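Bear in mind the structure is a predicted one, so any value in this text is a computation, not a measurement. Lettering of chains follows the sequences in order, A, B, ..., and the numbering in each one begins at 1.
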There are 2 protein chains.
Amino acid sequence: MKRNSRLSLALHTLGHMAGDPDRMRTSADIAEHAGTNPVVVRRVLGRLRKAGLLDAEKGHSGGWRLARPPQDITLADVYLALDESLIATMAEEDAPNCSVEHALHRKVSSVMEDIERSLIERLAATTIAEVK
Amino acid sequence: MKRNSRLSLALHTLGHMAGDPDRMRTSADIAEHAGTNPVVVRRVLGRLRKAGLLDAEKGHSGGWRLARPPQDITLADVYLALDESLIATMAEEDAPNCSVEHALHRKVSSVMEDIERSLIERLAATTIAEVK
DNA sequence: CGTCAAGTAACAATTCCGGTTGCGAATATC
DNA sequence: GATATTCGCAACCGGAATTGTTACTTGACG
């Protein structure tokens with residue numbers, strides 16, 4: 001798998017879960033379908049669990065399941081749960097003693113923050129139940 | 001220097017050039033001011049040269065200079081010249097034989113493209129002459 | 001008690017990026 | 001014309017980040 005695959009893996013999995021919310025899935029099942037490793041799956045889905053989007057149960061007949069109805073989970077929820085920005089932030093300068101550098105950083109950072117807000121707004125408009 | 005520093009370096013340098021457009025600067029000068037290496041500077045500024053934003057001259061009294069008045073160079077020009085997206089693209093799946101995967105990819109990609117357009121629009125509203 | 005599955009730590013493999021060196025080409029100065 | 005200076009470029013190194021993998025622990029169910 002390539003880079004930046006965490007969001008892809010998370011959305012892909014939740015998309016399938018939305019289609020059959022009651023089914024319990026193990027990380028091995030999910031990993032096989034997604035073409036990756038069970039540990040990787042647990043790493044990614046663990047974030048979603050901590051964010052309250054998924055429930056996980058151990059032992060026999062254990063696995064993963066949606067913690068909320070799929071209509072109540074938006075793409076923004078998943079994006080924010082992963083805490084992994086798709087919007088690059090400006091490289092912070094250690095010693096911003098240059099006024100030009102400082103002004104540029106402020107300007108571009110301001111734009112990027114607006115863009116990030118806009119992205120979240122767009123993602124919040126779609127739930128995982130709508131993606132099939 | 002950290003990641004995503006190419007745009008920072010480019011904008012920083014052009015910002016200074018905008019304040020004194022006639023001065024010729026060598027990559028060694030620029031590198032020292034930016035705290036990096038002359039070769040790195042040439043790598044980054046070389047892209048801007050190919051995009052028509054900068055002129056470079058070899059030999060004695062050679063160096064770098066703006067190719068256009070600073071009022072005619074926007075942040076978007078620099079961003080596009082570097083051909084380095086600040087917006088992450090979705091990991092392309094090799095075999096998109098999964099309909100959920102496919103639908104998700106289309107949905108998210110569509111949003112990301114809108115966001116990228118929006119970013120460029122925002123960057124195009126500011127010229128390097130305005131950042132001081 | 002044994003099995004199954006998540007949770008987690010540790011390590012290897014890969015990729016990406018800036019930094020560095022070296023050399024060639026072009027141009028100004030002597 | 002010789003020399004010095006500067007960009008252009010290719011090759012390689014090293015660090016950082018990410019994914020893949022192994023191994024072990026914890027907890028739940030039959």
Would you list the atom pairs, donor with acceptor, under 3.5 Å between side chains in residues 48-74 of chain B and any protein atom, with sequence neighbours excluded?
unit_1, atom_1, unit_2, atom_2, d
B:R68, NE, B:D72, O, 3.4
B:R68, NH2, B:D72, O, 3.0
B:R68, NH2, B:D77, OD2, 3.3
B:T74, OG1, B:A76, N, 3.2
B:T74, OG1, B:D77, N, 3.1
B:T74, OG1, B:D77, OD2, 3.3

(message) Does C:dG18 have its OP1 or OP2 closer than 4.0 Å to a side-chain nitrogen or oxygen of B:T36?
(response) no
(message) Please determine whether a side-chain nitrogen or oxygen atom of A:R43 lies at a distance below 4.0 Å from atom OP1 or OP2 of D:dG20.
(response) no
(message) Show me the pairs that pass side chain to side chain donor-acceptor pair (under 3.5 Å) and involve residues 116-129 of chain A, at least two apart or across chains.
(response) A:Y79-A:E116, A:S85-A:E116, A:D114-A:R117, A:R122-B:D114, A:T126-B:K107, A:T127-A:E130
(request) Please name all residues satisfying side-chain contact (heavy atoms from CB on, under 4.5 Å) with B:A125, sequence neighbours left out, ordered by chain then number. (result) none
(request) Applying side-chain contact (heavy atoms from CB on, under 4.5 Å), name anything that partners A:D20, two or more places apart in sequence or on another chain. (result) A:R23, A:R25
Roughly how many Å is it from [atom1] in [X] to [atom2] in [N], rounded to a whole number?
X: B:D83; N: C:dC17; atom1: CG; atom2: P; answer: 12 Å
X: A:E32; N: C:dA5; atom1: CD; atom2: P; answer: 13 Å
X: A:L48; N: C:dA6; atom1: CG; atom2: P; answer: 14 Å
X: A:R47; N: D:dT18; atom1: CZ; atom2: C1'; answer: 12 Å
X: A:N37; N: C:dT8; atom1: CG; atom2: P; answer: 16 Å
X: A:L9; N: D:dT18; atom1: CG; atom2: P; answer: 15 Å

(message) Tell me every residue that passes side-chain hydrogen bond (donor to acceptor under 3.5 Å, both in side chains) with A:R47, counting only those two or more places apart in sequence or in another chain.
(response) none
(request) List for me each residue that meets side-chain hydrogen bond (donor to acceptor under 3.5 Å, both in side chains) alongside B:S27, sequence neighbours excluded, and say none if there are none. (result) B:R42
(message) Filter on ring pair (Phe, Tyr, Trp, His ring centres under 6.0 Å), then keep only pairs touching residues 20-51 of chain A, sequence neighbours left out; what's left?
(response) A:H12-A:H33, A:H16-A:H33
(message) Reading 5' to 3' and counting Watson-Crick or G-U wobble pairs with both distances under 3.5 Å, write the dot-bracket notation for DNA chain D, | for bases paired outside the strand.
(response) ||||||||||||||||||||||||||||||
(request) Spell out, as yes or no, whether a donor-acceptor pair under 3.5 Å connects the side chain of B:S109 to the backbone of B:H105. (result) yes
(message) Just verifying a value: how many Å separate A:I128 CD1 and A:L11 CG, rounded to the nearest 0.5 Å?
(response) 8.5 Å
Detail all sub-3.5 Å separations between protein N/O atoms and N/O atoms belonging to nucleotides 5-8 of chain D.
unit_1, atom_1, unit_2, atom_2, d
D:dT5, O4', B:H60, NE2, 3.3
D:dT6, O4', B:G59, O, 3.4
D:dT6, O2, B:G59, N, 3.4
D:dC7, OP1, B:S27, N, 2.7
D:dC7, OP1, B:S27, OG, 3.4
D:dC7, OP1, B:W64, NE1, 3.2
D:dC7, OP2, B:S27, OG, 2.4
D:dC7, OP2, B:R42, NH1, 3.3
D:dG8, OP1, B:R49, NE, 2.7
D:dG8, OP1, B:R49, NH2, 3.3
D:dG8, N7, B:R42, NE, 3.3

